[in-house]
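Since the structure is predicted, the reported quantities are computational estimates derived from the model, not experimental observations. Numbers here are sequence positions counted from 1.
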Amino acid sequence: MDILYVDDEPQGREVVAEHIERLLGHRIVQCDDGARALECYCERAFPMVLTDIRMPGLDGIELLRRIKDLPEGGRTDVVLITAHGDMSTAIAALRAGAYDYLQKPIEIEELVAVIGRVAEHQALLRENRVLTEHFDEKVAEVVRQTTDYLRQASLCEVAGLGQIGVFSERMKELLTLARRYGQDRTMPVLIEGETGTGKEIIARIIHHEGNVSDAPFVAINCPAISAGLFESELFGYESGAFTGARKAGQLGKFEFSGVGTVFLDEIGDLPMEMQPKLLRVLQERTFYRVGGLRRVELRAKVICATNQNLASLVGQGQFREDLFYRLNIGKITIPPLRERPEEILPLARMFLARSATARKREFRDLSERTEKLLLGYAWPGNVRELKNVIERAVLLYDGPRLEPEHLAFDRSGQRAGAAVAEAAGDGDLVIPLSGSHLDIDQVEAQVLREVLAKFKGNKSQASAFLGITPSSLRRKLRRLSVPDSF
C-alpha cells in the first residue's frame, strides 16, 4: 500500500517511515509540509495519508478537508498525528472525516495496528467498488455471476466498509442480535471468535446501529499498550499527575470518544491490575482521570473482543470473574468458518469474482475438485484466510476456473509443504513418522524457532507472519521455553 506521510520534523518522520517500510513492506512518500503533500495527492491519490496536525502553512486538518473535497478523497483514509495538547482538535478532525489518530511520540506497535486496519479497510473498499464500475463484457459477466451469489445472501451495509454478504441463517441471526445490542448505548458487548472471523466488522455494525455515525469509533489494541500506560490511555490524566506528564494533561480514549464507541480488541490481554478499574467504569458509567478529583461521565458504548475463551481464562486465574460476568451480559460468539460450511463456497465465489474483476482475470468459477478441497479444509484463519487464499491465487494465476493447484495448500486439506518451508526459511520442518505419538508442543516450538530465525529475532515481524499478537507469541515462547533472542 502506498502511504503519503506528512510531517515537518524530518528526523522523526524518516525514522517512522523506515520502520513502516522495513517492518510492513508499505511504500512511503514523505512530505515536509501540507501544501506539497496536497500537490503529491493531486498527482496521484493515496489510499492512506498519515499527517501531523501542527505544521506551518497548510496544517493537517486543512489538508484533511481539502483531500476530502477531491473526487478521490472519499476513498482515502487519513490518520492524524497529534500532540497531547491537541486532543480537542483531533476530535473535530475525526468528525470531519479522519479515519483515526495517533499521539506523539508514536508507538510503533500502535502504528502497525492502525496501518493494518487501514489496509483491511482499503481492501474491502476495493472489493465493493469494483462491483459497481464498468469493465469489458468478459469481466462484466463475472460481476453478474457475483450478483447471482449475492441474491442468495442477506446484504448488510457496514458504514465505511460497504456491503457484506451473509450466507447462513446462523450469521443472519448473529447480525440481528448485533443490531439489538447497538440500540442500547449503556450495555457493554463482548464479541468472541477466532482470528479472522470478523469481530471488528460486527463491532462497527453495533456502533452504527446506535445512530452515532458521526461520533468516533476508537479501536484500542490491548496488547499494544504497556500496562503502565493503560490507565492514562483509557482515562486520561490531569496536569502534573505523574513525572513526565504533559502540562495540559490528556484526554483518555473513554472521554475522547464522546457518544461514540470504544472498541477494546483482545480484551483477554488486558492487564490484571486494569480489570477492576474497567469493571467499576462499566458499572458506574463514570471515571476519574489519573490525578483528577472530578468524576467524568462515560457516554461511549464499550465493545470488547477476544479470540480467547474468557471463561477458560477465568478458571486459570488470568481474567477476573466479576468482569467476565459483566461483559457476558451482551455476548456475541462468532462461529468459526468450519462450523458453518454452507458459507465456504458462496464466500469463495464472491471473493473470486471480486478479485478477478479488480485484476481483470478470466476466473469465473470454482472447479469441482477445488470445491471439495475448500470444503475439506479446516480454515484455522477463518474468513480472512479464505479471502487471502483466493486473492493470492487470482494474483498469481489465471484461467476460466480456479483449480486446486492454484491454491496455497495441498489436496489433503492441510497447509502446503511450500508454505511451511517458507515459514521456516531455508530450514526443513521435520515431522517424525515413527514412534507411538507426535509431540505437538515439540513441533510448535520448532516452528517458532524457525520463524524467529527467519526474522532474526524480531518478534513483531514473527507474530505478524504467524497471524498472532506479539503478546500471544511471548506467551508461547515462555510456555515452550523457546529462546527469544538471536
Distance-minimising heavy-atom pair for V78 and K68: CG2-CE, 4.4 Å
Please check if the side chain of T51 supplies one atom and the backbone of L80 the other of a donor-acceptor pair under 3.5 Å. no
Do M274 and C222 come within less than 4.5 Å of each other through their side chains, counting heavy atoms only? no
Is there a side chain to side chain contact (heavy atoms under 4.5 Å, CB included) between L234 and I225 once you walk through the steps? CA-CA 10 Å; L234 291 184; I225 303 176; over 6 Å; no
Partners passing ring pair (Phe, Tyr, Trp, His ring centres under 6.0 Å) against Y397 (at least two apart in sequence or in another chain): H406
Has K301 got a side-chain atom pairing as donor or acceptor with Q183's backbone, closer than 3.5 angstrom? no
Could you go step by step and tell me if E194 and R338 meet the side chain to side chain contact (heavy atoms under 4.5 Å, CB included) rule? CA-CA 11 Å; E194 295 180 2; R338 62 182 174 274; 2.4 Å; yes
Can D265 and K199 be counted as an ion pair, charged N to O under 4.0 angstrom? no
For Y99, check ring pair (Phe, Tyr, Trp, His ring centres under 6.0 Å) against everything at least two apart and list the hits. H121
Will you find, in the side chains of Q122 and D77, an N or O donor that is under 3.5 Å from an N or O acceptor? yes
Look only at the side chain of S481 and the backbone of L477, and say whether a donor-acceptor pair between them is shorter than 3.5 Å. no
Counting distance only, does the side-chain N/O of R320 pair as donor-acceptor with the main-chain N or O of Q275 below 3.5 Å? no
Using the test side-chain contact (heavy atoms from CB on, under 4.5 Å), find all partners of L395 that sit at least two apart in sequence or belong to another chain. R359
For the residue pair S312 and Q308, confirm or rule out a side-chain donor-acceptor distance under 3.5 Å. no
Acceptor/donor pairs from residues 19-26 side chains to any protein atom, 3.5 angstrom cut, sequence neighbours excluded:
| unit_1 | atom_1 | unit_2 | atom_2 | d |
| --- | --- | --- | --- | --- |
| H19 | ND1 | V15 | O | 3.0 |
| E21 | OE2 | I28 | N | 3.2 |
| H26 | ND1 | M1 | N | 3.3 |

Report the residues that fulfil ring pair (Phe, Tyr, Trp, His ring centres under 6.0 Å) with Y5, sequence neighbours left out, ordered by chain and then residue number. none
Is a side-chain donor or acceptor of R401 paired with a backbone partner of S367 at a separation under 3.5 angstrom? no
Answer yes when R369 and E405 have at least one side-chain N-carboxylate O distance shorter than 4.0 Å, and no when they do not. yes
Any residue meeting side-chain hydrogen bond (donor to acceptor under 3.5 Å, both in side chains) with R170, in chain and number order, not counting sequence neighbours: none
Check: V114 and N221 side chains under 4.5 Å, non-hydrogen atoms: no
So, T357 side chain and A353 main chain: donor-acceptor pair closer than 3.5 Å or not? yes
Is V49 close to I3 at the side-chain level, that is, under 4.5 Å between some pair of heavy atoms? no
Could you name each residue pair satisfying salt bridge (Lys or Arg N to Asp or Glu O under 4.0 Å) that touches residues 324-336, not counting sequence neighbours? E192-K331
L174 and V166, any side-chain heavy atoms less than 4.5 Å apart: no
Partner residues of D2 under the side-chain contact (heavy atoms from CB on, under 4.5 Å) criterion, sequence neighbours left out: R27, R44, F46, P47
Only counting residues at least two apart or in another chain, list the ones meeting salt bridge (charged side-chain N to carboxylate O under 4.0 Å, His left out) with E173. none
When rounded to the nearest 0.5 angstrom, what distance separates CG in L396 from CZ in R361? 8.5 Å
Report the residues that fulfil side-chain hydrogen bond (donor to acceptor under 3.5 Å, both in side chains) with E342, sequence neighbours left out, ordered by chain and then residue number. none
Minimum side-chain heavy-atom gap I202-L175 below 4.5 Å: yes
Does the side chain of N382 come under 3.5 Å of the side chain of T197 through a donor N or O and an acceptor N or O? no
R204/E209 ion pair, N-O < 4.0 Å: no
Do L278 and L264 come within less than 4.5 Å of each other through their side chains, counting heavy atoms only? yes
For R384, enumerate each residue passing the side-chain hydrogen bond (donor to acceptor under 3.5 Å, both in side chains) test, keeping only those at least two apart in sequence or located in another chain. none
Salt bridge (charged side-chain N to carboxylate O under 4.0 Å, His left out) involving E343 - partner list, sequence neighbours excluded: R340
How about CD on E368, more than 12 heavy atoms from neighbouring residues, nucleotides or ligands closer than 6.0 Å, or not? no
Donor-acceptor pair, side chain of R349 and main chain of R364, under 3.5 angstrom: no
Any ion pair linking R475 and D269 (charged N to carboxylate O, less than 4.0 Å)? yes
Answer yes or no: is there a donor N or O on one side and an acceptor on the other, between the side chain of S355 and the main chain of F351, under 3.5 Å? no
Are the side chains of I191 and Y181 in touch, meaning some heavy atoms are under 4.5 Å apart? no
Donor-acceptor pair, W379 side chain versus P336 backbone, under 3.5 Å? no
Please examine the side chains of L327 and V302, heavy atoms only from C-beta on, and report whether any two atoms are closer than 4.5 Å. no
